[in-house]
Novice: 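One structure coming up, written as structure tokens, with questions to follow.
Labels below follow one simple rule: chain letters A, B, ... track the order of the sequence lines, proteins then strands, and each chain is numbered from 1.
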2 protein chains.
Amino acid sequence: MAKKELSIEQKIKYVQDTLFVISGKWKLPIMIAINNGNNRFRDIQRAVPNITTRVLSKELKDLEENRLVVRTVYDSLPVTVSYTVTPYCKSLKPMVDEMIKWGENHRAMLKKIKPA
Amino acid sequence: MAKKELSIEQKIKYVQDTLFVISGKWKLPIMIAINNGNNRFRDIQRAVPNITTRVLSKELKDLEENRLVVRTVYDSLPVTVSYTVTPYCKSLKPMVDEMIKWGENHRAMLKKIKPA
DNA sequence: GATGCCAGTTACCTAAAGGATACCAAAATG
DNA sequence: CATTTTGGTATCCTTTAGGTAACTGGCATC
């Protein structure tokens with residue numbers, strides 16, 4: 001197949017779609033935390049520095065709605081709640097990896113131009 | 001060299017650094033537009049749907065401060081102003097490409113699960 | 001029976017992002 | 001000479017994101 005070339009309008013539209021889903025300080029950090037084995041509410045909260053319960057609760061709901069995270073209630077005693085990432089969430093990995101790389105490099109760059 | 005494995009705390013930190021620089025509805029669309037040959041203020045505005053002059057002006061200043069865009073005034077008659085992306089801005093390309101890909105796929109997915 | 005952990009909810013508030021509208025001077029165009 | 005284009009500013013306003021703090025009910029522990 002020929003590699004499709006997107007128009008600039010399409011590129012902008014798709015980037016904005018992506019931004020709409022992942023933007024904000026917390027959604028990606030939360031997904032990273034869950035993906036790393038933090039499945040309980042308090043575990044996630046501990047893994048994501050400085051997030052409050054209120055914000056975490058709200059963001060988890062958003063992520064559920066966008067089918068990136070699944071909430072499961074186990075009928076144990078006491079009930080436990082588990083959050084897991086969906087396969088769809090994992091499709092974000094290449095993008096997130098690039099974001100991590102860029103952020104790491106960016107921080108190194110800032111040190112160089114603004115030393116001491 | 002051994003491939004360095006980042007801790008979850010580091011991953012979260014770097015992602016948040018990146019988000020801090022690119023977040024908002026407009027910064028990436030503006031960079032895409034400039035990179036595609038829209039160098040004049042009004043050209044950029046036309047290329048980025050629905051952005052207002054006020055917001056574009058402010059975002060361009062932010063991008064200049066972050067060394068992602070350069071503003072050049074040509075002493076012609078009348079004076080012309082040209083915006084160009086820096087080499088540093090181009091280092092965002094792999095990430096932006098992944099975001100475009102994901103957004104395209106995401107839109108296709110939404111069509112499937114919510115047809116007509 | 002007081003304290004603490006879990007998984008949140010509720011109400012309130014502030015700061016920032018973004019939008020709407022109007023306006024400006026200088027030059028070009030019709 | 002009226003209009004349009006360029007590269008923006010200035011005001012004002014609304015919306016959203018995010019933070020603070022208190023509280024809940026159920027269970028477990030000391």
Side-chain angles (χ1 to χ4, degrees), chain A residues 12-13 15-34 37-66 68-85, chain B residues 12-13 15-34 37-66 68-85:
Chain A
I12 289 177
K13 191 180 62 174
V15 164
Q16 285 186 322
D17 284 354
T18 301
L19 282 170
F20 189 75
V21 175
I22 66 160
S23 74
K25 279 170 75 171
W26 301 116
K27 291 196 180 62
L28 288 178
I30 290 168
M31 289 188 265
I32 292 173
I34 297 175
N38 299 279
N39 301 103
R40 311 281 299 270
F41 190 91
R42 296 294 173 191
D43 290 342
I44 302 167
Q45 187 170 10
R46 271 185 290 268
V48 179
N50 302 315
I51 196 168
T52 64
T53 59
R54 180 194 173 279
V55 170
L56 178 55
S57 172
K58 189 222 160 217
E59 298 286 13
L60 284 169
K61 279 176 191 162
D62 285 2
L63 293 172
E64 253 199 288
E65 273 181 31
N66 278 310
L68 295 167
V69 159
V70 171
R71 179 180 185 270
T72 317
V73 179
Y74 290 103
D75 210 358
S76 51
L77 266 178
V79 285
T80 55
V81 179
S82 181
Y83 292 92
T84 47
V85 297
Chain B
I12 289 177
K13 193 180 60 174
V15 164
Q16 285 186 322
D17 284 353
T18 300
L19 283 170
F20 189 76
V21 175
I22 66 161
S23 73
K25 278 170 78 170
W26 302 115
K27 290 194 179 63
L28 287 178
I30 290 168
M31 290 189 265
I32 292 173
I34 297 176
N38 299 279
N39 301 103
R40 311 281 301 268
F41 189 91
R42 296 294 175 191
D43 290 342
I44 302 167
Q45 188 171 10
R46 271 186 290 268
V48 179
N50 302 315
I51 196 166
T52 64
T53 60
R54 181 193 172 280
V55 170
L56 178 54
S57 172
K58 191 222 157 217
E59 298 286 9
L60 284 170
K61 279 175 192 164
D62 285 2
L63 293 172
E64 254 199 286
E65 273 180 32
N66 278 310
L68 295 166
V69 159
V70 171
R71 180 180 185 267
T72 317
V73 180
Y74 290 104
D75 208 0
S76 50
L77 267 177
V79 287
T80 55
V81 179
S82 181
Y83 292 91
T84 47
V85 297

Novice: For Q45(B), report the nucleic acid contact type (base, sugar-phosphate, nothing); a contact means any heavy atom under 4.0 Å.
Specialist: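 Result for Q45(B) = nothing.
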
Novice: Would K27(B) and E59(B) count as a salt bridge (charged side-chain N to carboxylate O under 4.0 Å, His left out) here? Give the steps.
Specialist: CA-CA 7 Å; K27(B) 290 194 179 63; E59(B) 298 286 9; 2.9 Å; yes

Novice: Identify whether any heavy atom of K61(A) sits under 4.0 Å from a base atom; if not, whether one sits that close to sugar-phosphate; answer base, sugar-phosphate or nothing.
Specialist: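 Sugar-phosphate: the residue K61(A), judged by heavy atoms under 4.0 Å, touches backbone atoms but no base.
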
Novice: Rounding to a whole Å, what distance do you find between L56(A):CG and dA17(D):P?
Specialist: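 After rounding, the reported distance stands at 16 Å.
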
Novice: Among dG19(D), dG8(D), dG18(C), which is the nearest nucleotide to the side chain of V81(B)?
Specialist: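 The answer is dG8(D), which lies nearest to the side chain.
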
Novice: Find which nucleotide of DNA chain C each of F41(A) and E59(B) is nearest to by heavy atoms, and output the residue with the more 5' nucleotide.
Specialist: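 Looking at DNA chain C, the more 5' nearest nucleotide goes with F41(A).
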
Novice: Inspect the contact between D17(A) and K13(A) and indicate whether a charged nitrogen and a carboxylate oxygen are less than 4.0 angstrom apart.
Specialist: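 Result for this pair is no, no salt bridge flagged.
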
Novice: For N39(B) and dT6(D), give me the distance from atom CG to atom C1', rounded to whole Å.
Specialist: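 Distance check: N39(B) CG to dT6(D) C1' gives 15 Å.
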
Novice: Take atom CG of L60(B) and atom P of dT9(D), then tell me their distance rounded to the nearest Å.
Specialist: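 Atom CG in L60(B) sits about 10 Å away from atom P in dT9(D).
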
Novice: Which one, dG18(C), dA17(D), dA22(C), comes nearest to the side chain of T53(B)?
Specialist: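 Ranking dG18(C), dA17(D), dA22(C) by closest atom to the T53(B) side chain puts dA22(C) first.
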
Novice: Which residue is it: L28(B), L68(B), L63(B), N66(B)? I am looking for the one with a side-chain contact (heavy atoms from CB on, under 4.5 Å) to I22(B).
Specialist: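 That would be L28(B); it is the only one of L28(B), L68(B), L63(B), N66(B) passing the side-chain contact (heavy atoms from CB on, under 4.5 Å) with I22(B).
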
Novice: Judged by each residue's nearest nucleotide on DNA chain C, which is more toward the 5′ side, R54(A) or T80(A)?
Specialist: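 Final value for this comparison: T80(A).
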
Novice: Between dG19(D), dG8(D), dC27(D), spot the one nearest the side chain of P78(A), thanks.
Specialist: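 Side chain of P78(A) sits closest to dC27(D).
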
Novice: Calculate the interatomic distance between D43(B) atom CG and dT6(D) atom P; express it in whole Å.
Specialist: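 Between P of dT6(D) and CG of D43(B): 7 Å.
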
Novice: In whole angstrom, give the distance that lies between atom CG of N50(B) and atom C1' of dG19(C).
Specialist: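 Nearest whole value for this atom pair: 11 Å.
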
Novice: Please round to the nearest 0.5 Å and tell me the distance separating atom CD1 of I34(B) and atom OH of Y83(B).
Specialist: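 That separation rounds to 8.0 Å.
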
Novice: Choosing from dA17(C), dG8(C), dA17(D), which nucleotide comes nearest the side chain of K58(B)?
Specialist: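 My answer, after comparing the listed nucleotides, is dA17(C).
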
Novice: Taking only side-chain N and O atoms of S57(B), does any of them lie within less than 4.0 angstrom of OP1 or OP2 on dT9(D)?
Specialist: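 Answer is yes, contact under 4.0 Å.
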
Novice: Can you tell me how far C1' of dA17(D) sits from CZ of F20(B), to the nearest Å?
Specialist: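 It is 14 Å, rounded to the nearest whole Å.
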
Novice: Just the rounded figure in Å: distance from P of dT16(D) to NZ of K25(B).
Specialist: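 So the two atoms are 10 Å apart, to the nearest Å.
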
Novice: Expressed as a whole number of angstroms, how long is the span from Y74(A):OH to dC27(D):C1'?
Specialist: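 After rounding, the gap between these two atoms is 20 Å.
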
Novice: Tell me whether the side-chain N/O atoms of Y83(A) come closer than 4.0 Å to OP1 or OP2 in dG8(C).
Specialist: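 Checking Y83(A) against dG8(C): at least one side-chain N or O falls below 4.0 Å of OP1 or OP2.
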
Novice: Report the distance from atom CZ of R71(B) to atom CG of N39(B), rounding to the nearest 0.5 Å.
Specialist: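 Here the rounded value is 13.5 Å.
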
